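Reviewing the structure listed below.
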Amino acid sequence: MRAVFYIDGFNFYYLRTKNQPQYKWLNLKALADTIVTGGTTVLAVNYYTADVSGKIDSDAPRRQQALFAALKTVPQIAIHKGRFLYSEKWAGLVKPAQARPREYMWNEPEPEVVLVRKTEEKGSDVNLGAHLVRDGFQDRYDVAYVLTNDTDLVEPIRIVSQELMKQVCIVAPCRPTQRQGKTIPVPAISLRKYASFVHYIDDAELSRAQFPDLVVRPNGSTVERPATWR
């Protein structure tokens, strides 16, 4: 069977690799090849992301561009960019106030509003959903692997699964997680509803799919794994 992967980059980052930097130097095509079952060929890997800002971490853009350079050495990988937005906004404070680290003590009286920094990524989910449906109508795959837990993608996945009658595998970035005493389902129930099957990524798969520390580009130059990702 023919397979195409659609990877929600920021969703994958926040749910999996943000706190596991040793897995960030990831060859997405190699990961895809470890996930598919026998008799299935990965024709393309589409990676949806955006150029990050350096306002919070000044070195983040350099590390990200190193990864992009490594990914571009793999012909089957296509990088599709949305927009990364950084802003500082006033927001109301939930009472009783909570903070991290949890040991932080608020002065009395607690403020009504606080200035917060907010990062947003725009466009990736729309691009992913549009490409997933377009490629399905153009019969570019037999099975689509969608790596995300974003419920905004439910409708494109439903169209591919129910109207085009093609298989869709939801590739879950992680197992169900605990948050504030509640279990957060991964994949989300609404995504699972239209999935033909689900695959959970494990650490061994991420470990096997790492680029070598030094990646050679077609022109002979090299790109090195960021030191903090070792």
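Since this is a predicted model, take the numbers as computed values, not measurements.
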(message) Can you tell me how the ring of Y6 sits relative to the ring of Y48, calling it parallel under 30°, perpendicular over 60° and tilted otherwise?
(response) parallel
(request) Following the transitive rule for hydrophobic clusters with a side-chain heavy-atom cut-off under 4.5 Å over Ile, Leu, Val, Met, Phe, Trp and Tyr, establish whether I7 and V126 coincide in one cluster. (result) no
(request) Please tell me if the side chains of L147 and F5 come closer than 4.5 Å, counting only heavy atoms from C-beta onward. (result) no
(message) Would you say that F211 contacts L71 through its side chain, given a criterion of any heavy-atom pair below 4.5 Å between the two side chains?
(response) yes
(message) With salt bridge (charged side-chain N to carboxylate O under 4.0 Å, His left out) as the rule and sequence neighbours excluded, what pairs involving residues 2-20 come up?
(response) R2-D139, R2-D142, R16-D203
(request) Give the other cluster members for W90, using side-chain heavy-atom distances under 4.5 Å between Ile, Leu, Val, Met, Phe, Trp and Tyr residues; answer none if it is isolated. (result) V113, L115
(message) Can you confirm whether T17 sits close enough to W229 that some side-chain heavy atom of one is under 4.5 Å from a side-chain heavy atom of the other?
(response) no
(request) Could you go through the side chain to side chain contact (heavy atoms under 4.5 Å, CB included) check for F12 and I201 one step at a time? (result) CA-CA 11 Å; F12 181 52; I201 296 175; 4.0 Å; yes
(message) Let me check something: do V45 and L43 share a hydrophobic cluster, defined by ILVMFWY side-chain heavy atoms less than 4.5 Å apart, either directly or through other members?
(response) no
(request) Consider only side-chain N and O atoms of N46 and H131, and report whether a donor and an acceptor are under 3.5 Å apart. (result) no
(message) How close do P61 and S53 get, counting heavy atoms only, and between which atoms?
(response) CG-C, 4.0 Å
(request) Check whether F10 and Y23 end up in the same hydrophobic cluster, where Ile, Leu, Val, Met, Phe, Trp and Tyr are linked by side-chain heavy atoms less than 4.5 Å apart. (result) no
(message) Would you say CZ of F197 has more than 12 non-hydrogen atoms from neighbouring residues, nucleotides or ligands within 6.0 angstrom?
(response) yes
(request) Kindly say whether A50 contributes a backbone atom to a donor-acceptor pair with the side chain of Q64 at under 3.5 angstrom? (result) yes
(message) Starting from I77, can I reach L206 by hopping between I/L/V/M/F/W/Y residues whose side chains sit under 4.5 Å apart?
(response) yes
(message) If hydrophobic residues (ILVMFWY) are linked whenever their side-chain heavy atoms come closer than 4.5 Å, directly or via other members, who joins L93 in its cluster?
(response) Y104, W106, V114, V116
(request) Carefully, step by step, assess V215 and T222 under the rule side chain to side chain contact (heavy atoms under 4.5 Å, CB included). (result) CA-CA 5 Å; V215 176; T222 59; over 6 Å; no
(request) Heavy atoms only: give me the nearest Y145-T37 pair and the separation to one decimal. (result) OH-N, 4.2 Å
(request) Taking side chain to side chain contact (heavy atoms under 4.5 Å, CB included) as the test, write out the residues that go with Y200, two or more places apart. (result) A172, R175, P176, P187, R192, V198
(request) Working to the nearest 0.5 Å, report the span between OG of S124 and CG of L153. (result) 10.0 Å
(request) List the atom of G136, the atom of L164, and the distance in Å for their closest heavy-atom pair. (result) C-CD1, 3.5 Å
(request) Could you tell me whether the side chain of I157 reaches within less than 4.5 Å of the side chain of L191, counting heavy atoms only? (result) yes
(message) Between S196 and C169 (side chain of the first, backbone of the second, donor and acceptor by atom type, cut-off under 3.5 Å), is there such a pair?
(response) no
(message) Show me the pairs that pass salt bridge (charged side-chain N to carboxylate O under 4.0 Å, His left out) and involve residues 148-159, at least two apart or across chains.
(response) E155-R158, R158-E163
(message) For I189, is the CD1 atom crowded, meaning more than 12 foreign heavy atoms sit under 6.0 Å from it?
(response) no
(message) Whether the side chain of Q210 engages the backbone of S207 through a donor-acceptor N/O pair (distance < 3.5 Å, no angle test) should be reported.
(response) no
(request) Give the minimum heavy-atom separation between T151 and S190, together with the two atoms involved. (result) CG2-OG, 3.4 Å
(message) For a quick test of reading the model, state the closest non-hydrogen atom pair linking D33 to K29 and the distance between them.
(response) OD2-NZ, 2.8 Å
(request) Indicate if V154 and V160 have the same hydrophobic cluster label, given that clusters are the connected sets of ILVMFWY residues with side-chain heavy-atom separations under 4.5 angstrom. (result) yes
(request) Kindly indicate whether the side chain of V146, heavy atoms from C-beta on, has any atom under 4.5 Å from the side chain of L132. (result) yes
(message) Filter on side chain to side chain donor-acceptor pair (under 3.5 Å), then keep only pairs touching residues 66-76, sequence neighbours left out; what's left?
(response) none
(message) Between N149 (side chain only) and V186 (backbone N and O only), is there a donor and an acceptor less than 3.5 Å apart?
(response) no
(request) Would you check if the side chain of W25 reaches a backbone N or O of P212 as a donor-acceptor pair within less than 3.5 Å? (result) yes
(request) Using a 4.5 Å cut-off on heavy atoms from C-beta on, say whether the side chain of R63 contacts that of D57. (result) yes
(message) A side-chain contact here means heavy atoms from C-beta on lying under 4.5 Å apart; do R225 and K24 qualify?
(response) no
(request) Would you mind reporting whether Y47 and F68 have side-chain heavy atoms less than 4.5 Å apart? (result) yes
(request) Report the distance from atom CG of L28 to atom CD1 of I35, rounding to the nearest 0.5 Å. (result) 9.5 Å
(message) Under 4.0 Å between a side-chain nitrogen and a carboxylate oxygen: does that hold for E224 and R230?
(response) yes
(request) Check for a donor-acceptor pair, side chain of K166 on one end and backbone N or O of Y141 on the other, with a separation under 3.5 Å. (result) yes
(message) So for atom CD, which belongs to Q138, do other residues, nucleotides or ligands contribute more than 12 heavy atoms lying within a distance under 6.0 Å?
(response) yes
